[in-house]
**Q** 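My questions all concern the structure below.
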Amino acid sequence: MKKIVNIIYISIVVCLLSSCYDDYEYDYDYSVAYFYNQELTRSFVVNEVNEIKVGITMGGKRFSDSHETVDYIIDQTLLSGTDLTLLPEEYYSLSNNSQFEVHPGDFDGNITLSIDPSFYSDPRALNGEYAIPFRLTTTSMDSILENKDVLILQLKYEAQLFGNYYHNGATIAKDADGNVVSSLSSVYHQEEPVTNDVNNWTLNTFSANTLFTSGISNKLDSESMRYSFNIEFDGEDMVIITPNPESSIEVSQNGVCLYDKDKREFYLNYSYSHEEYTYTATDTLIYRNRILDGVNQWQ
């Protein structure tokens, strides 16, 4: 009797497994097209990332053996009630202005969005105020998935050298008579792993070719006090330090400042006054990583 029960149990398991395999082996009854995200922010990087992919996904098929199409429009009404503005047509071009294509063997259909250099001169582009609203309309597939037929693509940019940097250097403080004040002078240098906050700086985008720092010397930017200065770069090796208008301390360049593209390091010389003292700083910024659209990029 026990043997018979075991045989029946095994038979049931085999049937279930066979049924599961059949479900896995064949397509669903209907194929659908959809946007994976309905809202998305993507960033361009000046002189580095000037185009991105925009795509739809095909669902309902185990195998992609046919050519499928999905038509779309740019639907400005999708931006109603938002703080976003339609990206002007002169700022971009699309590799296909009306259709996504899914080729045999693929489950995604992509078009290329290329940005015009004029985009980087618009302050609203830096603040992420522009968007392109896509709406899927018709498809060669069975249907378009409900509630996943739109994509509001918000667009912004970053300056080429933005990111997080190890910060090493020294600052000499002098009084009004030119005497060195040792108690106010400092050296901030730390080998990896770097754990001291003052040895980690962020260079944020101020404009297409200008960054602003997250500190001055051994003073870090905070909610109560803004310590920052701007770094302008020419795309080669020379950089210029200028004051950040939002900073509580005005910094000026004090000697030659350089950027080494091979080492990805800044060499900065600057000075500033605070209270009754004058400070002269010599800093080195060493690239660590950057976060681009949520992706941690170490190289």
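For clarity, every value in this text was computed on a predicted model and none was experimentally measured.
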**Q** Report all side-chain donor-acceptor pairs from residues 152-162 shorter than 3.5 Å, counting only partners two or more places apart or in another chain.
**A**
residue : atom : partner : partner atom : Å
Gln154  : OE1  : Thr41   : OG1          : 3.3
Gln154  : NE2  : Gly128  : O            : 2.5
Lys156  : NZ   : Glu158  : OE2          : 3.0
Tyr157  : OH   : Tyr120  : O            : 3.3
Tyr157  : OH   : Ala208  : N            : 3.3
Glu158  : OE1  : Thr205  : OG1          : 2.5

**Q** Indicate yes or no for a side-chain donor-acceptor contact from Thr210 to the backbone of Phe206 under 3.5 Å, with no hydrogens or angles considered.
**A** no
**Q** Residues two or more places apart in sequence or in another chain: which of them pass salt bridge (charged side-chain N to carboxylate O under 4.0 Å, His left out) with Asp75?
**A** Arg135
**Q** Under 4.5 Å between any side-chain heavy atoms of Lys53 and Ile111, yes or no?
**A** no
**Q** Sequence neighbours left out, what pairs pass ring pair (Phe, Tyr, Trp, His ring centres under 6.0 Å) with at least one residue falling in residues 207-227?
**A** none
**Q** Fit a plane to each ring of Phe35 and Phe100, take the angle between them on a 0 to 90° scale, and name the class: parallel (under 30°), tilted (30 to 60°) or perpendicular (over 60°).
**A** perpendicular
**Q** Would the distance check show the side chain of Thr202 and the main-chain N or O of Asn204 forming a donor-acceptor pair, the cut-off being under 3.5 Å?
**A** no
**Q** Examine the side chains of Asn164 and Arg290 and answer whether a donor and an acceptor come within less than 3.5 Å of each other.
**A** no
**Q** Can you tell me if Asp234 and Asn209 form a side-chain donor-acceptor pair at under 3.5 Å?
**A** no
**Q** I'd like to know whether the aromatic ring centres of Phe229 and Tyr270 sit less than 6.0 Å apart in this structure.
**A** yes
**Q** How long is the straight-line distance from CD of Glu265 back to OH of Tyr166, given to the nearest 0.5 Å?
**A** 12.0 Å
**Q** If you count heavy atoms of other groups shown closer than 6.0 angstrom to OH of Tyr36, is the number above 12?
**A** no
**Q** Give a yes or no answer on whether the side chain of Thr139 reaches the backbone of Val70 with a donor-acceptor pair at less than 3.5 Å.
**A** no
**Q** Please determine whether a side-chain nitrogen of the Lys or Arg among Asp221 and Arg226 lies less than 4.0 Å from a carboxylate oxygen of the Asp or Glu.
**A** yes
**Q** Does any part of the side chain of Ser228, heavy atoms only, come nearer than 4.5 Å to the side chain of Glu246, both counted from C-beta?
**A** no
**Q** Check this for me, if you would: do Lys61 and Glu68 make a salt bridge, where the nitrogen-to-carboxylate-oxygen distance has to be below 4.0 angstrom?
**A** yes
**Q** In this structure, which one of Asn218, Asn168, Thr171 forms a side-chain hydrogen bond (donor to acceptor under 3.5 Å, both in side chains) with Tyr188?
**A** Thr171
**Q** Test side chain to side chain contact (heavy atoms under 4.5 Å, CB included) on Ile216 and Tyr279; report intermediate values, then the result.
**A** CA-CA 10 Å; Ile216 298 174; Tyr279 296 81; over 6 Å; no
**Q** When the ring centroid of Phe233 is compared with that of Tyr259, is the distance short of 6.0 Å?
**A** no
**Q** For Asp142, does its backbone N or O pair with a side-chain atom of Ser31 as donor and acceptor, under 3.5 Å?
**A** yes
